[in-house]
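Notes for the one structure printed next.
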Amino acid sequence: MTWWGWEAGQSLREELMDAPGVEEHELHRVYEELRTINRWLGGHSSSLDGLRRLVPEGPVSVLDVGFGGGDFAEVLAAWSRRTGRPVRYLGIESSPVAVSYARERFSGESFRFERADLFEAAERMDAGHDVVHMSLTLHHFPGASAVQAVRAMARLARVGVLVNDLQRHFVPYAAIKGLTAVFSRSRLVKNDAPLSVNRGFLRGELASICARAGVDAEIRWRPMFRWLLIARPRQD
């Protein structure tokens, strides 16, 4: 049973932006609007807080998985200038549209964007970055694939893993559904933004994912119904 599209459990419906054949201009609109949503709701502040906890001082290298429009790279660059801490960044995405969009918006020797699959990267790459980061992407991995994703990120991280994602709750679902119905000009955002909340997680689900992935995790609730997951590979 659903009410206003809300499903009682974790939704398994795929988001429209993940469907094949979506026009490039439509995805560009999604990236632009998500940038605004994250700015309004403070989504990136949680990731920066986790980064400071994992690497309190000095240079830091970040592997950003599923970077979308490249917004976190922009946030990291501003943070680096503000704090004087050098940042080396590699973003990987399976979408060629996302890669070209991010490269057009942002470039620099220490900031790179590449087309790559997380699971393939975990097989061929060493743990070459301090922190492996994923924002609003884990809910795109249904069922057991979320466990595999966290395990793959832990394999690639020297220090730890950061996951910034959504709490599944009707309040943020209704809020974002109403806001996007009024302000969004994208059919994808109108559908996918509330659906993302419905595909989000409860604390116990994230704890179970980390336990099955073999990592020790701290799970923090953040304002605007977000979870910040800070995970460290277990030292056997």
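Atom set for the values below is all heavy atoms of this structure, side chains included, hydrogens, waters and symmetry mates excluded.
- Side-chain contact check for E15 versus S196: some heavy-atom pair is nearer than 4.5 Å.
- In the hydrophobic clustering of this structure, L51 groups with L54; members are Ile, Leu, Val, Met, Phe, Trp, Tyr whose side-chain heavy atoms approach within less than 4.5 Å, directly or through other members.
- In terms of hydrophobic clustering, with Ile, Leu, Val, Met, Phe, Trp and Tyr side chains grouped at heavy-atom distances under 4.5 Å, L195 and L27 are assigned to different clusters.
- By the 6.0 Å contact criterion, CD on E205 is enclosed, its count of non-hydrogen atoms from other residues, nucleotides or ligands being greater than 12.
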Please step through ring-ring contact (aromatic ring centres under 6.0 Å, His included) for the pair F72 and H133, ending with a clear verdict.
-> CA-CA 10 Å; F72 189 56; H133 170 261; 4.1 Å; yes
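- Going from atom CD of E7 over to atom CZ of R199 covers 10.0 Å, rounded to the nearest 0.5 Å.
- With values rounded to the nearest 0.5 angstrom, R168 atom CZ is found 12.0 Å from H139 atom NE2.
- Of all heavy-atom pairs spanning E114 and F67, the tightest one is O-CE2, 4.1 Å.
- For the atom pair CZ of F119 and CZ of R155, the computed distance is 9.5 Å after rounding to the nearest 0.5 Å.
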Salt bridge (Lys or Arg N to Asp or Glu O under 4.0 Å) between E32 and R35, worked out = CA-CA 5 Å; E32 291 165 8; R35 184 185 185 197; over 6 Å; no
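- The existence of a salt bridge linking R39 and D71 is excluded, since no basic side-chain nitrogen approaches an acidic carboxylate oxygen closer than 4.0 Å.
- You'll find the side chain of F113 reaches within 4.5 Å of the side chain of F106, heavy atoms only.
- Each of V161 and V131 belongs to its own hydrophobic cluster when Ile, Leu, Val, Met, Phe, Trp and Tyr are linked at side-chain heavy-atom distances under 4.5 angstrom.
- One side chain, R222 or S46, offers a donor N or O that lies under 3.5 Å from an acceptor on the other.
- Through side-chain heavy atoms spaced under 4.5 Å, either directly or across other Ile, Leu, Val, Met, Phe, Trp or Tyr residues, V182 is tied to L179, F183.
- Between Y31 and H28, the ring planes lie tilted relative to each other; the angle falls in the 30° to 60° range.
- Taking the charged nitrogens against the carboxylate oxygens, E74 and R105 do have a contact shorter than 4.0 Å, which makes a salt bridge.
- A distance-only check finds no donor-acceptor pair linking the side chain of D64 to the backbone of L90 [under 3.5 Å].
- Rounded to the nearest 0.5 Å, atoms CD1 (I176) and CG (N198) are 13.5 Å apart.
- Side-chain contact of S94 with D117: a donor-acceptor pair under 3.5 Å is absent, judged by distance alone.
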Would E93 and R115 satisfy side chain to side chain contact (heavy atoms under 4.5 Å, CB included), going step by step from the backbone distance to the final call?
-> CA-CA 5 Å; E93 253 284 2; R115 185 181 181 188; over 6 Å; no
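- Atom CZ of R158 and atom OG of S61 lie 4.5 Å apart (nearest 0.5 Å).
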Verify side chain to side chain contact (heavy atoms under 4.5 Å, CB included) between L229 and L162, making sure each step is shown before the conclusion.
-> CA-CA 6 Å; L229 187 156; L162 287 178; over 6 Å; no
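- Atoms OG and CE, on S45 and M224 in that order, are 9.5 Å from each other to the nearest 0.5 Å.
- Using cut-offs of 30° and 60° for the angle between ring planes, the Y89 and F111 rings count as parallel.
- Put simply, I230 and L138 are part of two different groups of oily side chains (I, L, V, M, F, W, Y) that touch within less than 4.5 Å, one to the next.
- If you check the side chains of S184 and E33, you find a donor sitting under 3.5 Å from an acceptor.
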Would you sort out whether L188 and V22 count as a side chain to side chain contact (heavy atoms under 4.5 Å, CB included), showing the intermediate values?
-> CA-CA 10 Å; L188 303 183; V22 178; 3.7 Å; yes
